[in-house]
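Quick notes on the structure that follows.
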Amino acid sequence: MLDPKLVRSEPQTIAAALVIKGFTLDVEKLNQLEVLRRDLQEKAQSLQAERNAYAKSMGKAMGEAKARGEDIEPLKAKGEALKLACGEAEDALNDVQRQLDEYLSGVPNTPDPEVPAGASEDDNVEIRRWGEPRVFDFEVKDHVDLGAQLGLLDFETATKITGSRFAVMRGEIARLHRALIQFMLNTHSQEHGYQEINVPYMVNSDSLFGTGQLPKFEEDLFKLSDERNFYLIPTAEVPVTNVYRDEILDANQLPVKFVCHTPCFRSEAGSYGKDTRGMIRQHQFEKVELVQFVKPEDATETLEQLTGHAETILQKLGLPYRTIILCGGDLGFSAARTYDIEVWLPSQQRYREISSCSNFRDFQARRLKARWRNPETGKPELLNTLNGSGLAVGRTLLAVMENYQQADGSIVIPDVLQPYMGGQRSIG
RNA sequence: GGAGGGAUGGCUGAGCGGUUGAAAGCACCGGUCUUGAAAACCGGCGUAUCGAGAGGUACCCAGGGUUCGAAUCCCUGUCCCUCCGCCA
């Protein structure tokens with residue numbers, strides 16, 4: 001959520017900033033509601049003040065009236081009238097306030113000034129590349145064929161068990177998948193200073209509102225059908241960022257850095273026909289997520305560091321990648337700036353997203369009421385939140401399979417993963 | 001699943017239906033004292049929102065209700081604790 005005060009005082013500035021994101025701020029509607037709100041609030045509050053003052057005076061007045069043997073009913077009647085008038089004014093105010101909240105909670109975050117203009121992913125800008133795509137002297141296979149040949153990656157069985165967009169891994173591929181998770185968790189916790197955290201995979205709607213998935217993007221989520229209204233998490237970002245919902249942190253606790261491995265569940269509504277082959281786009285996949293809570297002044301630098309932490313994993317695995325900055329039109333709802341890291345896939349002869357690292361500034365924190373006490377002001381102030389994949393495990397697995405494949409269909413295990421594979425050097 | 005108890009400011013913890021936005025302690029901030037620190041003493045210290053300010057309003061888990069008036073009474077929900085049962 002944007003700062004309502006800022007939206008109120010500088011609607012044109014905000015509207016201009018949102019143009020780059022392809023969002024049209026309805027300044028007219030906001031102004032109308034705001035004028036109405038101010039008027040109703042003034043009215044309601046003065047009535048409340050009157051009602052409160054009267055109620056306070058009543059105790060004594062009634063005692064005196066009784067002592068004189070007078071009728072108390074007229075005194076009560078006036079209180080009753082005040083109560084009714086107050087109630088009406090409050091209802092009217094609440095109604096307008098709700099309309100304002102509803103509208104504001106649907107307005108996306110404003111992008112950083114450095115975010116390039118553009119309508120779609122075609123306008124994203126590459127900012128660096130690492131590694132040289134390997135030159136193969138044989139015809140490369142994709143991970144689906146490689147996995148099938150090994151007999152260790154099986155989409156048909158997953159379809160039988162559940163449906164499309166699921167996978168079954170067996171044996172050494174399942175172990176390699178697990179090895180990647182361990183490797184990522186260890187690297188981030190031991191070398192990059194993140195605390196490992198394990199969280200629920202189901203969350204309530206308050207948590208989803210806090211990180212911005214609700215109310216606008218419910219169709220992307222799996223919702224459980226019982227009366228508790230839980231959802232399966234689409235990313236660890238949701239439970240981990242909500243660790244500090246409604247909390248006030250001490251300055252000396254900052255920065256907070258969490259690394260978390262979870263499965264992620266996405267309905268992928270609206271992506272019919274996209275990436276239907278293989279593990280690229282699944283309803284269930286695993287991810288190691290990095291989440292940070294920082295002081296506002298540190299957020300810009302933190303995004304660079306966090307993106308670097310994710311890139312380190314690819315470097316250690318020896319997988320070529322490039323890093324791009326998303327243009328305004330491709331930027332997510334809650335993000336002010338996002339870097340995507342894309343890994344080279346030989347079977348597709350192009351780079352594919354494997355991590356997304358974002359700075360949300362105080363947009364999520366305002367929804368979450370996640371704050372810190374600034375020693376300089378002594379006041380609670382909003383934190384800044386950031387997160388990034390470090391990395392998407394399924395996509396990393398297929399990148400390893402494809403980039404490390406041999407002519408005979410076997411797969412060489414990258415050096416850094418061999419300790420997690422009992423010293424094994426190749427599969428198949 | 002059964003039976004009880006509870007939810008109050010950063011933390012602990014008092015609160016009779018009206019004078020309680022809320023005692024007290026801790027923590028924290030400022031000051032006195034001290035070479036410095038500690039101790040002691042004095043003062044300050046919830047959050048949000050409206051207002052230039054004075055000040056107003058809302059909030060004592062959440063949502064309803066009773067009442068002229070609710071942190072306090074009633075109902076529903078959520079969460080926590082204790083005991084019994086069941087169970088990975």
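Below, chains carry the letters A, B, ... as their sequence lines are ordered, and counting in each starts from 1.
With both ends at atom P, the span from B:rG63 to B:rC81 equals 24 Å, rounded to whole Å. Taking the C1' atoms as reference points, B:rA39 lies 45 Å from B:rC50, given to the whole Å. For the C1' atoms, the distance linking B:rG18 with B:rU12 amounts to 29 Å, nearest Å. Comparing B:rG43 with B:rC26, their P atoms are spaced 14 Å from each other, to the whole Å. Nucleotides B:rA70 and B:rG64, compared at atom P, are 14 Å apart to the nearest Å. Nucleotides B:rU49 and B:rU32 have their C1' atoms positioned 38 Å apart, rounded to a whole Å. Comparing B:rG9 with B:rG77, their P atoms sit 24 Å apart, to the nearest whole Å. For the C1' atoms, the distance from B:rC42 to B:rA48 is 31 Å, rounded to whole Å.
When both pairing distances are held under 3.5 Å, B:rA7 makes a Watson-Crick or G-U pair with B:rU78. Under the Watson-Crick and G-U wobble criteria, each requiring two contacts below 3.5 Å, nucleotide B:rG69 is left unpaired. Judged by Watson-Crick or G-U wobble contacts below 3.5 Å, the nucleotide B:rC28 has B:rG44 as its partner. Across every strand in view, B:rG85 sits unpaired, with no contact that passes the Watson-Crick or G-U test at under 3.5 angstrom. Using N1 to N3 plus N6-O4 or O6-N4 for Watson-Crick, or N1-O2 and O6-N3 for G-U wobble, each under 3.5 Å, B:rG17 pairs with nothing. A 3.5 Å limit on both hydrogen-bonding distances identifies no Watson-Crick or G-U partner for B:rU35.
Residues A:R371 and A:F230 both approach RNA chain B. Their nearest nucleotides, taken by heavy-atom distance, put A:R371 toward the 5′ side. Heavy-atom nearest nucleotides on RNA chain B were determined for A:P380 and for A:I248, and the one closer to the 5' end corresponds to A:I248.
Proximity of the aromatic rings of A:F333 and A:F363 is defined here by a centroid distance below 6.0 angstrom, and this criterion is met.
In terms of heavy-atom proximity, A:S389 sits nearest to A:S356 at OG-N, 3.1 Å. In plain terms, the two heavy atoms of A:R373 and A:P380 that are nearest each other are NH1-CD, 3.9 Å.
Within the 4.0 angstrom heavy-atom criterion, only backbone atoms of the sugar-phosphate kind lie near A:N52; the bases stay farther away. The residue A:K5 sits close only to the backbone: its heavy atoms come under 4.0 Å of sugar-phosphate atoms, none of a base.
Judged by the 6.0 Å distance and 45° axis criteria, A:R266 is not positioned over the aromatic ring of A:F222.
The stretch residues 172-183 of chain A participates, sequence neighbours left out, in these side-chain hydrogen bond (donor to acceptor under 3.5 Å, both in side chains) pairs: A:E172-A:Q424.
Judged by distance alone, the side chains of A:Y420 and A:N186 do bring a donor and an acceptor atom under 3.5 Å apart. No side-chain donor from either of A:R281 and A:S271 sits under 3.5 Å from a side-chain acceptor of the other.
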Quiz item: Given A:F258 and A:Y194, is the ring pair (Phe, Tyr, Trp, His ring centres under 6.0 Å) satisfied, shown in steps?
Solution: CA-CA 5 Å; A:F258 287 129; A:Y194 289 78; 9.1 Å; no
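Read 5' to 3', the first and last nucleotides of RNA chain B with an atom closer than 4.0 Å to a heavy atom of chain A are B:rG18 to B:rG69.
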